[in-house]
Amino acid sequence: MEKLFIYNTLSRTKEEFKAINAPFLGMYVCGPTVYSDVHLGNCRTFMSFDIIYRYLTHIGYKVRYVRNITDAGHLESDGDVGEDKISKKAKLAQLEPMEIVQTYTVGFRDVMNLFNALPPSIEPTATGHIIEQQEIAKQIIANGLAYEHNGTVYFDVDKYAKSNNYTVLTNRKLEELLENTRDLDGQDEKRSRLDFALWIKAKPEHLMKWPSPWGVGFPGWHIECSAMSTKYLGEQFDIHGGGMDLQATHHTNEIAQNIAYCGKSPANYWLHTNMLTVNGQKMSKSLGNSFLPMELFTGNHPLLNKGFTPMAVRFFMMQTHYRSTLDFSNDALEAAEKAFNKLMESYKTLQTLIASGSSSEDVKAIERSCYDAMNDDFNTPVLISKLFDAIRLINSAYDKKSTVTKEDIALLQSIYQHFVFDVMGLKKEEETGKSNTALEQVMNLVLDLRAKAKANKDFATSDEIRNKLTEAHIQVKDGKEGVTWSI
RNA sequence: GGUCCUGUGGCCGAGUGGUUAGGCUCAGCUCUGCAAAAGCUGCUACUCCAGUUCGAACCUGGACGGGACCUCCA
């Protein structure tokens with residue numbers, strides 16, 4: 001098996017990866033909250049972990065990939081301010097919370113599918129694991145690290161921090177955290193400002209609520225992940241992932257919960273993916289620069305000149321390492337789209353290569369460097385640069401400037417299969433409209449006429465046809481092997 | 001305000017104490033009736049200041065800029 005190095009947030013260094021029970025491997029990734037459309041930032045995180053999942057699988061691990069759906073805990077109106085609005089709206093066309101959940105869960109899966117992300121092995125929901133969450137809260141109370149106050153159960157951070165490193169993930173000092181904590185609702189119920197809720201008493205207007213030993217309520221924000229990761233991957237597993245914004249609060253509390261529950265830190269390796277910016281600025285609705293995936297595909301957005309295919313976007317994301325911020329801009333997307341098309345064109349060229357008896361190229365070295373790139377903390381930008389070495393090699397062999405053997409060609413095929421299709425999860429875009437046979441027949445007719453004009457050296461006619469087609473956004477390409485066209 | 005991350009050529013974006021990242025753009029060439037498309041070749045950068053070093057864009061310190069988190073958030 002490949003020797004793989006992964007950047008572990010726990011140690012802030014790249015560590016050699018060792019699975020607890022190879023070849024089996026458990027990976028948990030914090031999934032989306034399904035109360036609104038997935039935005040691109042979410043997609044980027046899940047695409048990053050899709051590559052990680054695919055590569056781990058490729059090098060021989062039997063991965064159980066668990067990614068939750070958060071469908072409970074946040075339906076409450078925004079405290080005191082929002083209550084009025086809610087009651088006004090509630091009169092007409094009130095939706096069941098689970099209708100919202102269903103709508104956005106389906107939407108999320110559809111988008112991930114468009115991006116060719118593999119579904120996780122298990123996709124558990126918070127509402128499906130209320131009992132498990134309560135059990136964990138009970139055990140933490142029994143272990144003396146949580147307390148109930150007026151129907152709400154709080155985690156006792158102070159007490160926990162006396163015998164554990166609460167801030168393992170962030171390296172922050174507890175005193176400094178305390179100084180910087182703001183005043184929030186329910187602060188007076190807590191023993192310490194850092195304490196967080198495992199179970200929350202439901203207000204009467206709260207829509208999703210369940211009975212519990214502490215009264216009717218709903219689970220806290222962090223406990224679902226502790227419950228579901230423990231249930232499906234065990235008390236200790238290999239990899240836990242999520243966006244960097246989850247690191248300081250959600251993951252910190254998750255680790256504390258697990259240790260308070262069973263004395264074990266849940267995951268050996270914590271991976272965090274970086275955020276997404278637009279033209280150098282944070283993506284946010286207030287700045288008017290947030291993208292929905294569909295806006296990206298259709299180009300229906302003020303910041304875009306045109307739409308981009310899901311695969312072009314996927315490729316674009318792969319060009320940046322998962323731990324760097326990814327900046328969206330029209331120019332960068334266009335550049336990535338061209339590069340992606342080149343990668344796919346070269347695959348076609350590869351199919352036409354003719355083998356020589358000897359080889360002037362070292363294809364094995366390219367394959368090796370692809371593995372080296374991925375083994376170095378899943379470095380897809382470097383992987384892509386190595387693939388472009390392969391492209392140059394393919395083109396030069398095609399131009400008869402170099403020679404490749406039958407084995408080389410087979411190896412190039414396998415590099416494409418393994419790295420481009422299996423690991424990066426790229427695929428050829430569907431041909432535009434399968435039912436376009438009518439258009440095709442017309443185009444054949446037109447191009448046939450143009451060919452005849454050219455044969456008669458009637459360039460005025462042939463150029464006119466070409467120009468008119470260009471105006472209609474149809475590009476004519478006079479290749480060596482005949483004329484092709486694209487829209 | 002606090003903690004942490006970051007600053008690379010026209011643009012995007014890897015990386016390393018001394019040796020070409022890669023893509024896009026651009027220029028030249030090949031091909032072409034001419035274009036386009038495609039291919040080839042070229043374009044040598046690392047915010048600023050000081051230090052460590054034989055040698056730093058890469059290490060250290062400082063300045064300035066950008067970002068994340070501290071509040072639901074991928």
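Naming convention: chains lettered A, B, ... in sequence-line order (proteins, then strands); numbering from 1 in each chain. Since the model is a prediction, treat every value here as computed from it, not as a measurement. Heavy atoms only: backbone and side chains are in, while hydrogens, waters and symmetry mates are out.
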For [N], does the base pair up with any side-chain atom of [X] as donor and acceptor (N or O, under 3.5 Å, distance only)?
X         : N       : answer
Asp389(A) : rG22(B) : no
Arg466(A) : rA36(B) : no
Asp463(A) : rA35(B) : no

Check whether any side-chain nitrogen or oxygen of [X] sits under 4.0 Å from OP1 or OP2 of [N], and answer yes or no.
X         : N       : answer
Ser396(A) : rC40(B) : no
Asn395(A) : rC40(B) : yes
Thr33(A)  : rA74(B) : yes
Lys342(A) : rC24(B) : yes

Distance between the [atom1] atoms of [N] and [M], in whole angstroms?
N       : M       : atom1 : result
rG7(B)  : rU60(B) : P     : 13 Å
rG51(B) : rA56(B) : C1'   : 12 Å
rG42(B) : rG23(B) : P     : 12 Å
rG67(B) : rC72(B) : P     : 22 Å
rA68(B) : rG10(B) : P     : 26 Å
rU25(B) : rC43(B) : C1'   : 11 Å
rU20(B) : rA37(B) : P     : 31 Å
rG66(B) : rU47(B) : P     : 16 Å

Using a heavy-atom cut-off of 4.0 Å across all strands, would you classify [X] as base, sugar-phosphate, or nothing?
X         : result
His272(A) : nothing
Val476(A) : base
Thr273(A) : nothing
Met275(A) : base
Gly242(A) : sugar-phosphate
Ser48(A)  : nothing
Leu276(A) : base
Gly31(A)  : sugar-phosphate

Report the distance from atom [atom1] of [X] to atom [atom2] of [N], rounded to the nearest whole Å.
X         : N       : atom1 : atom2 : result
Met344(A) : rG23(B) : CE    : P     : 16 Å
Ile474(A) : rA37(B) : CD1   : P     : 17 Å
Phe340(A) : rC12(B) : CZ    : C1'   : 18 Å
Asn305(A) : rU25(B) : CG    : C1'   : 15 Å
Leu393(A) : rG22(B) : CG    : C1'   : 16 Å
Asp245(A) : rU71(B) : CG    : P     : 13 Å
Phe328(A) : rC12(B) : CZ    : C1'   : 12 Å
Leu343(A) : rG22(B) : CG    : P     : 16 Å

When you measure from the side chain of [X], which nucleotide among [options] comes out closest?
X         : options                   : answer
Gln475(A) : rA74(B), rA36(B), rG13(B) : rA36(B)
Phe316(A) : rC12(B), rA14(B), rA37(B) : rC12(B)
Ala332(A) : rC12(B), rA74(B), rG33(B) : rC12(B)
His321(A) : rA14(B), rA74(B), rC34(B) : rA14(B)
Ser462(A) : rG33(B), rA14(B), rC24(B) : rG33(B)
Ser385(A) : rA74(B), rA21(B), rC34(B) : rA21(B)
Asp327(A) : rU25(B), rC12(B), rC69(B) : rC12(B)
Asp331(A) : rA21(B), rC11(B), rG23(B) : rC11(B)
Ser324(A) : rU25(B), rC12(B), rA14(B) : rA14(B)

Any donor-acceptor pair under 3.5 Å from Asp238(A) side chain to Gly26(A) backbone:
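Such a contact is found between Asp238(A) side chain and Gly26(A) backbone.
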Is a side-chain donor-acceptor pair under 3.5 Å present for [Y] with [X]?
X         : Y         : value
Ser396(A) : Ser402(A) : yes
His272(A) : His251(A) : yes
Asp71(A)  : Tyr104(A) : no
Thr273(A) : Thr45(A)  : yes

So is the aromatic ring of Phe459(A) stacked onto the base of rG33(B), judging by whether the centres are under 5.5 Å apart and the planes are under 30° apart?
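Answer is yes, a stack.
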Is there a Watson-Crick or G-U wobble partner for [N] with both distances under 3.5 Å, and which nucleotide is it?
N       : answer
rU71(B) : none
rA27(B) : rU41(B)
rG7(B)  : rC64(B)
rU20(B) : none

Do other residues, nucleotides or ligands put more than 12 heavy atoms under 6.0 Å from Lys306(A) NZ?
yes
Tell me whether the NZ or CZ atom of Arg64(A) lies within the 45° cone about the ring axis of Tyr232(A) and under 6.0 Å from its centre.
no
Within 45° of the six-membered ring axis of Phe49(A) and under 6.0 Å from that ring's centre, is NZ or CZ of Arg67(A) located there?
no
Students often mix this up, so state it plainly: with edges at 30° and 60°, are the rings of Phe196(A) and Phe155(A) parallel, tilted or perpendicular?
parallel
Parallel, tilted or perpendicular: which describes the rings of Phe316(A) and Phe328(A), with under 30° parallel and over 60° perpendicular?
perpendicular
Nearest-nucleotide wise, let me know which of Pro32(A) and Ala339(A) is further upstream toward the 5' end of RNA chain B.
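Whichever sits nearer the 5' end wins; that is Ala339(A).
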Contacts of Lys386(A) and Cys43(A) projected onto RNA chain B by closest heavy atom; the upstream (5') one is Lys386(A)
